[in-house]
Each structure stands twice: as C-alpha cells, then as structure tokens.
Amino acid sequence: MLAYISLLPIAVLVGFVTLIVFKRELHTISFFGGLILNEVVNWVLKHIFREPRPCAGAHKTLHTEYGMPSSHSQLMWFFVVYFFLFLYLRMHQTNNARCVDLLWRHILSIILLGTALSVSYSRVYLLYHSWSQVFYGGVAGCTIGIMWFFFTQEMLTPLFPKIAAWPISEYFLVRDTSLIPNILWFEYTVTRSEARNRQRKLGTKLQ
C-alpha cells in the first residue's frame with residue numbers, strides 16, 4: 001500500500017498535464033510551472049548537500065544516490081500548500097458563502113494533508129529517505145509553494161489578460177479565469193444555461 005502511495009507525485013504530474021491539455025488555463029499552467037521549478041530546486045539542493053540515502057545501493061531504479069532533501073516529500077508539500085492557498089485565497093466566496101461550500105474545502109484540505117503525510121511516511125518506511133531528509137523536503141516544498149503562490153498572484157496574474165490576448169494563446173485556446181472567484185460554479189452555471197438554451201432551440205425546431 002505504501003509503495004503505491006509513494007507513487008502519488010507521479011499521478012499529480014500526470015494530472016496537471018491532463019488539466020493543461022483540456023483546460024488550457026493560465027493559472028493551472030503557472031501552478032505546473034511552480035512544480036517544475038520546485039523539482040529543479042530539489043535537484044540543486046541534492047547536489048549541494050550530497051547526503052546519501054539511508055539504504056544506499058539497495059534500490060536499483062533510483063535516478064540519484066543522494067537523498068537530501070526528499071523530492072517526493074518536497075513535491076507533495078509544495079502541491080498541498082499551494083492548493084491550500086488556492087482554495088482559501090484564490091477561490092474566495094462572497095459574504096453569503098454557504099456552510100456546504102466551506103465544508104467541502106475543509107474536507108478536501110484534510111484529505112490533501114493526509115496524502116502528503118502518507119507520502120512522506122512511505123519514503124521513510126521504504127528506506128528511500130531518512131526522517132530528516134523527508135522533513136527538510138517538506139520544509140522546502142512548503143516554502144517554495146508559499147513563495148510561488150504569492151509570486152503568481154502579485155506578479156503573474158496581472159499579466160494573464162495580456163498573455164491570453166496573444167495570437168498564439170488565442171490559437172491554442174489558452175484562457176485567463178483569474179477574475180472569476182469560483183471557476184467551478186461559473187463553469188457549471190454557464191454550461192447548464194447553454195445546455196438549456198440548446199434544448200429549447202432543439203424543441204422548437206422539432207415542433
């Protein structure tokens with residue numbers, strides 16, 4: 001079970017690529033860019049510290065013998081912290097927020113937190129990393145996640161409307177939804193409204 005849990009960072013990366021292909025939303029692309037930056041920082045830190053893994057040479061499929069900091073832990077904590085900030089700051093609600101809307105966020109946050117803790121523990125249990133390597137990986141991931149979120153909000157988000165207006169962005173249908181508070185609700189209501197309009201038109205033609 002922990003071996004499968006340890007593979008969740010790969011699922012996160014695959015999920016992001018899928019979202020980018022089908023959604024083509026600038027904030028999602030920026031989020032994914034932060035994940036890539038996080039991995040680059042992890043590679044640099046590993047080659048600076050050059051601390052071996054607790055069971056060096058036991059795992060033949062590893063790309064590097066260095067374990068400080070844990071890349072899996074760093075990636076998961078970057079993802080979780082960034083997603084926390086996205087849920088509670090980016091997808092803000094109006095003053096009439098319903099209890100159900102807040103409840104699902106809290107539940108999702110708890111699930112994400114449990115997932116990050118499980119991945120971190122799995123890396124120690126499977127002898128890929130020591131506790132210190134996992135801990136500092138988590139610290140690095142949290143730090144980069146916070147910095148990248150506010151960099152995206154303060155520096156990149158004001159540029160999104162201009163980027164979305166580029167000819168190449170229009171060609172690839174890249175869009176900016178940064179001004180929409182709750183994109184899930186917006187897409188739901190717009191899709192439902194359009195479906196009803198088309199249904200009425202179809203009914204009129206059949207008559």
Side-chain angles (χ1 to χ4, degrees), residues 1-90 108-157:
M1 178 66 72
L2 288 175
Y4 285 115
I5 290 175
S6 184
L7 297 176
L8 282 175
I10 298 175
V12 169
L13 294 174
V14 173
F16 264 99
V17 173
T18 304
L19 272 177
I20 290 172
V21 170
F22 287 99
K23 289 293 186 179
R24 309 186 189 192
E25 202 277 321
L26 284 171
H27 199 285
T28 304
I29 296 172
S30 175
F31 195 167
F32 182 69
L35 281 173
I36 299 302
L37 174 64
N38 182 69
E39 288 299 289
V40 171
V41 172
N42 178 266
W43 185 89
V44 172
L45 291 176
K46 279 186 175 180
H47 286 78
I48 289 176
F49 294 114
R50 300 190 176 211
E51 182 177 304
R53 296 175 184 269
C55 195
H59 301 289
K60 304 298 183 182
T61 58
L62 294 173
H63 298 294
T64 174
E65 62 191 34
Y66 305 130
M68 173 65 84
S70 165
S71 59
H72 284 64
S73 178
Q74 186 171 325
L75 185 145
M76 285 304 301
W77 284 103
F78 173 94
F79 173 76
V80 168
V81 168
Y82 192 102
F83 207 93
F84 281 169
L85 296 172
F86 182 84
L87 279 177
Y88 291 102
L89 298 181
R90 170 68 176 83
L108 181 57
S109 299
I110 293 172
I111 293 173
L112 288 173
L113 180 61
T115 301
L117 290 172
S118 298
V119 171
S120 299
Y121 175 73
S122 72
R123 303 307 288 175
V124 177
Y125 180 85
L126 298 171
L127 299 179
Y128 284 103
H129 294 284
S130 64
W131 281 112
S132 62
Q133 292 170 354
V134 165
F135 174 78
Y136 287 111
V139 170
C142 291
T143 303
I144 299 172
I146 294 171
M147 293 174 62
W148 187 255
F149 177 82
F150 286 105
F151 174 76
T152 299
Q153 289 294 104
E154 302 299 327
M155 303 297 294
L156 297 183
T157 300

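This one's a predicted model, so the numbers in the text were calculated from it and none came from an experiment. This chain uses plain numbering: 1 for the first residue, then up along the sequence.
- With hydrogens and angles ignored, the 3.5 Å screen pairs a side-chain donor or acceptor of Ser122 with a backbone N or O of Val119.
- Minimum heavy-atom separation, Ser120 to Ser73: OG-OG, 3.4 Å.
- For an aromatic pair to be called close, the ring centres must be under 6.0 Å apart, and Phe86 with His27 satisfies this.
- Applying the side chain to side chain contact (heavy atoms under 4.5 Å, CB included) test to Leu37 and every residue at least two apart in sequence or in another chain returns Val41, Trp148.
- The distance from atom CZ of Phe32 to atom CG of Asn38, rounded to the nearest 0.5 Å, is 12.0 Å.
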Dump the intermediate steps for side chain to side chain contact (heavy atoms under 4.5 Å, CB included) on Phe150 and Leu89, then the final yes or no.
-> CA-CA 10 Å; Phe150 286 105; Leu89 298 181; 4.2 Å; yes
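- With hydrogens and angles ignored, the 3.5 Å screen pairs a side-chain donor or acceptor of Thr157 with a backbone N or O of Thr152.
- The shortest side-chain heavy-atom distance between Met68 and Pro52 does not fall under the 4.5 Å cut-off.
- The minimum heavy-atom distance between Pro69 and Gln74, with the atom names listed, is CG-OE1, 3.4 Å.
- Looking at heavy atoms from C-beta onward, Phe84 lies in side-chain contact with Ser109 at the 4.5 angstrom threshold.
- Considering CG of Leu35 and CE of Met76, their distance stands at 10.0 Å, rounded to 0.5 Å.
- With contacts defined as side-chain heavy-atom distances shorter than 4.5 Å, the pair Glu25/Ile29 does not qualify.
- For the atom pair OH (Tyr82) and CD1 (Ile146), the distance works out to 12.5 Å, reported to the nearest 0.5 Å.
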Take Val139 and Phe135 through the test side chain to side chain contact (heavy atoms under 4.5 Å, CB included) and record every step on the way to the result.
-> CA-CA 6 Å; Val139 170; Phe135 174 78; 3.8 Å; yes
Is there a side chain to side chain contact (heavy atoms under 4.5 Å, CB included) between Leu8 and Thr115 once you walk through the steps?
-> CA-CA 9 Å; Leu8 282 175; Thr115 301; 3.4 Å; yes
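- Applying the side chain to side chain donor-acceptor pair (under 3.5 Å) test to Ser71 and every residue at least two apart in sequence or in another chain returns nothing.
- Counting all heavy atoms, side chain and backbone alike, Pro9 lies closest to Leu75 at CB-CD2, 3.7 Å.
- Atom CG of Leu13 is separated from atom CD of Glu39 by 6.5 Å, given to the nearest 0.5 angstrom.
- To the nearest 0.5 Å, the span separating CZ on Phe151 from CG on Leu156 amounts to 4.5 Å.
- Ring to ring, Phe83 and Phe79 are close: their centroids are under 6.0 angstrom apart.
- Panel note: side chain Ser6, backbone Leu2; no donor-acceptor pair is recorded below 3.5 Å.
- Once rounded to the nearest 0.5 Å, the distance linking CZ of Arg53 with NZ of Lys46 reads 4.5 Å.
- The nearest pair of heavy atoms linking Arg123 to Ser70 is CG-OG, 4.2 Å.
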Tell me, with the steps shown, if Trp77 and Leu113 meet side chain to side chain contact (heavy atoms under 4.5 Å, CB included).
-> CA-CA 9 Å; Trp77 284 103; Leu113 180 61; 3.5 Å; yes
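- When all heavy atoms of Phe149 and Leu85 are compared, the pair lying nearest together is CZ-O, 3.6 Å.
- Considering every non-hydrogen atom in both Leu126 and Ala3, the closest pair reads CD1-CA, 3.8 Å.
- Atom OH of Tyr136 is surrounded by 12 or fewer heavy atoms from other residues, nucleotides or ligands within 6.0 Å.
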